[in-house]
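Right, one structure below, let's go through it.
Owing to the predicted nature of the structure, the values given are computational and were not obtained by experimental measurement.
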Amino acid sequence: MISSVTRTPLNSVVVQRRSKSKSYRQSYRSCLGAASRLGFTPALTGRRLNTSRRATKSHDITRKVNPEQLALLMKTELQLSYVTPLYQFRHTQLKSYARQLSAFIVAEKQQGLAVEVEGPQSSFRVSFSVVQGMVETDDDAETVFIQIHSKPLFARKDEPQRSVWIGWLTCINGNPDYLRSLPKDFICLPLFGSNGAEHLTSLVKSWFQQTFDCCFGPLEISDTSLQWLVALWTNCHMESNIQHLKMIWTLPVVPPLQVTYTVNPQDAWELWSSVRKDQQEENNRGEEVKDENIVDIEEVMRFTQGLKSHFYRHFRLNLSAGSLNQVSTALGSAKCSGRIKITNSKYMITTLTLLTECALLKMPT
């Protein structure tokens, strides 16, 4: 049941609807062809990750979000993608979208275009729902959750369908300047996560592209973004024991050397606390007064350098020559390939805010 309070935000910016919408739709369609204009959009290289952000804050979203939906969103490793704004997507039409996507999957299957995985499936049932409460600002569109159910071809009649694929589109604390600049026929849900058979992911993306004139692309998590997660998750240790801080680095030697570096959580916290204290003392000596709840990239880099220096003193390996590929704590895990698992709902908003920012960096202007 979709609640009446569900909204698709309408931007207040006055635009020339016809010409602007046409140019957006043309640019989105072009990315599906060989001569993509999207790849030459200056905004893809012009914007950078924020150099400061608010320190990790605990959010008890269990009071706002349906527990069943939250359970499905958590503790499952999701593959991330970015998706450009959706043209004429409406939260009030989710039941219709579910029927359309289900019919699309069946039609592709009948044409032999869908490669079967886990044996032949007799039917597919698709559900779209809104994850109420998964918004932080008035500019954020409500998160949309998608589930595909099916059962084997030779299953008993009374055997229930089981979930074979899940996915969601979300926007948490999206950049307001970008969101308000969009023509009003577009809605931005830039972060897409999925778990399930790859052929179903491809079909879902294909249907979205054909229906809403959008584009999907891989969303890798950069070395800098992984370092941000290391710092932000460590910052939570006194509220929620992170249990461990595990990092995997790759050094550029032949063959490549993979280094697994696990840090005692208390040691990581003490190092992070000393970095924060030193930064605050420097700020106090200067003229500028800084909000203590703000974390700067300089602090993140100092923290990472401290971890690297400790490792070098013990093993004489310089991790600065390599790249950070994976991080994990009791709060979650993230890989440079774009795979993410969130295991503590209290800090889901902080993590999704960073990932939304990463996805928005891919957006055309």
query: If you look at every heavy atom in Gly193 and Leu80, which pair is closest and at what distance?
result: CA-CD2, 4.1 Å

Heavy-atom side-chain contact between Ile146 and Leu169 under 4.5 Å: yes

message: Could you walk me through whether His237 and Leu245 satisfy the side chain to side chain contact (heavy atoms under 4.5 Å, CB included) test, starting with their C-alpha distance in whole Å, then the side-chain angles of each, then the deciding distance to 0.1 Å, before giving a yes or no?
response: CA-CA 10 Å; His237 180 62; Leu245 172 58; over 6 Å; no

task: Apply the test side chain to side chain contact (heavy atoms under 4.5 Å, CB included) to residues Lys308 and Gln305: give CA-CA distance (whole Å), side-chain angles for both, the deciding distance (0.1 Å), then the verdict.
output: CA-CA 5 Å; Lys308 292 176 182 177; Gln305 187 56 49; 4.1 Å; yes

message: Run the side chain to side chain contact (heavy atoms under 4.5 Å, CB included) test on Trp228 and Leu49 for me, step by step, so that the C-alpha distance in whole Å, both residues' side-chain angles and the decisive distance to 0.1 Å come before the verdict.
response: CA-CA 10 Å; Trp228 267 110; Leu49 204 64; 3.8 Å; yes

query: Side chains of Ile297 and Gln227: does their closest heavy-atom pair fall under 4.5 Å?
result: no

field: Verdict with reasoning, Gln69 to Ser129, per side-chain hydrogen bond (donor to acceptor under 3.5 Å, both in side chains)
entry: CA-CA 9 Å; Gln69 290 177 320; Ser129 59; 3.1 Å; yes

- prompt: Judged by modelled atom types alone, do Trp165 and Ser194 share a side-chain donor-acceptor pair under 3.5 Å?
  reply: no

- prompt: side-chain contact (heavy atoms from CB on, under 4.5 Å) with Val327: which of Thr234, Ile248, Leu226?
  reply: Leu226

- request: Look at the side-chain heavy atoms of Ile, Leu, Val, Met, Phe, Trp and Tyr, link any pair under 4.5 Å apart, and say whether Met301 and Tyr312 land in one connected group.
  value: no

- prompt: Any donor and acceptor pair, going by atom type alone, linking the side chain of Thr143 with main-chain N or O of Val131 inside 3.5 Å?
  reply: no

- prompt: Got Leu354 and Arg53 here, is their nearest side-chain heavy-atom distance under 4.5 Å?
  reply: yes

message: Does the plane of the ring in Phe212 sit parallel, tilted or perpendicular to the ring in Tyr97? Use 30° and 60° as the thresholds.
response: perpendicular

message: When you compare the side chain of Arg99 with that of Ser96, does any pair of heavy atoms fall below 4.5 Å?
response: yes

Flag, side chain of Glu357 to backbone of Asn50, donor-acceptor distance under 3.5 Å: yes

message: On a heavy-atom basis, which atom in His314 and which in His310 lie closest, and how many Å separate them?
response: CD2-O, 3.1 Å

query: Considering all heavy atoms of both residues, which atom of His244 and which atom of Ser328 are nearest to each other, and what is their separation?
result: CD2-O, 3.5 Å

- request: Of all the heavy-atom pairs spanning Cys336 and Leu324, show the shortest one and how long it is.
  value: CB-O, 4.5 Å

- prompt: Within the side chain of Tyr261, is there an N or O that forms a donor-acceptor pair under 3.5 Å with the backbone of Leu307?
  reply: yes

- prompt: Does some side-chain heavy atom of Leu360 sit less than 4.5 Å from a side-chain heavy atom of Tyr82?
  reply: no

- request: Any chance you could measure Gln326, atom CD, to Ile221, atom CD1, to the nearest 0.5 Å?
  value: 10.0 Å

message: I need the Met134 CE to Trp168 CH2 distance, nearest 0.5 Å.
response: 7.0 Å

query: Is there a donor-acceptor contact under 3.5 Å from the side chain of Asn175 to the main chain of Tyr178?
result: yes

query: Could Glu77 and Lys335 be called an ion pair, given the rule that one side-chain N must be under 4.0 Å from one carboxylate O?
result: yes

message: Go through it in stages, so that I can follow the logic: the residues are Ser81 and Lys205, the test is side-chain hydrogen bond (donor to acceptor under 3.5 Å, both in side chains), and I'd like the CA-CA distance, side-chain angles, deciding distance and then a yes or no.
response: CA-CA 10 Å; Ser81 301; Lys205 289 180 177 179; 3.0 Å; yes

query: Which is it for Glu220 and Cys358 under the side chain to side chain contact (heavy atoms under 4.5 Å, CB included) test, yes or no, and what are the steps along the way?
result: CA-CA 9 Å; Glu220 297 88 0; Cys358 293; over 6 Å; no

query: Is a side-chain donor or acceptor of Ser102 paired with a backbone partner of Ala98 at a separation under 3.5 angstrom?
result: no

task: Report the relative orientation of the aromatic rings in Phe216 and Phe208; use parallel for angles under 30°, tilted for 30 to 60°, perpendicular for over 60°.
output: perpendicular

- request: Spell out, as yes or no, whether a donor-acceptor pair under 3.5 Å connects the side chain of Asp140 to the backbone of Thr137.
  value: yes

- line: For Met363 and Pro85 the tightest heavy-atom approach is SD-CD, 3.7 Å

task: Identify which one of Asn344, Thr329, Thr351 satisfies the side-chain hydrogen bond (donor to acceptor under 3.5 Å, both in side chains) criterion when paired with Trp233.
output: Thr351

message: How long is the straight-line distance from CD1 of Ile242 back to CG of Asn235, given to the nearest 0.5 Å?
response: 10.0 Å

message: Testing the 3.5 Å rule here: is there a donor-acceptor pair between the side chains of Glu270 and Ser274?
response: no

query: Donor-acceptor pair, His91 side chain versus Val130 backbone, under 3.5 Å?
result: no

task: Can you sort out the partners of Arg316 under salt bridge (Lys or Arg N to Asp or Glu O under 4.0 Å), two or more places apart, ordered by chain and number?
output: none

query: Ignoring hydrogens and geometry, is there a side-chain-to-backbone donor-acceptor pair from Asn318 to Ser320 under 3.5 Å?
result: yes

field: Pair Thr201-Gln79, side-chain donor/acceptor within less than 3.5 Å
entry: no

query: Do you know which of Leu179, Thr353, Val135 makes side-chain contact (heavy atoms from CB on, under 4.5 Å) with Cys171?
result: Leu179

query: Do side-chain atoms of Thr250 reach the backbone of Gln258 as a donor and acceptor pair under 3.5 angstrom?
result: no

query: Side-chain contact, heavy-atom cut-off 4.5 Å: Pro190 with Thr356?
result: yes

- request: Mind checking the CD1-CG spacing from Ile166 to Leu200? Nearest 0.5 Å is all I need.
  value: 12.5 Å

- request: Enter the distance from Leu78:CG to Ile342:CD1 here, rounded to the nearest 0.5 Å.
  value: 7.5 Å

task: Can you see which heavy atom on Cys214 is nearest to which on Leu86, and at what distance?
output: SG-CD2, 3.6 Å

Within-4.5 Å side-chain heavy-atom neighbours: Val230 and Thr304: no

field: Side-chain heavy-atom pair Phe89, Val144 within 4.5 angstrom cut-off
entry: yes

message: So does Asp296 get a backbone contact from the side chain of Glu299, meaning a donor-acceptor N/O pair under 3.5 Å?
response: yes

task: Can you measure from CZ (Phe124) to CG (Leu203) and round to the nearest 0.5 angstrom?
output: 8.0 Å

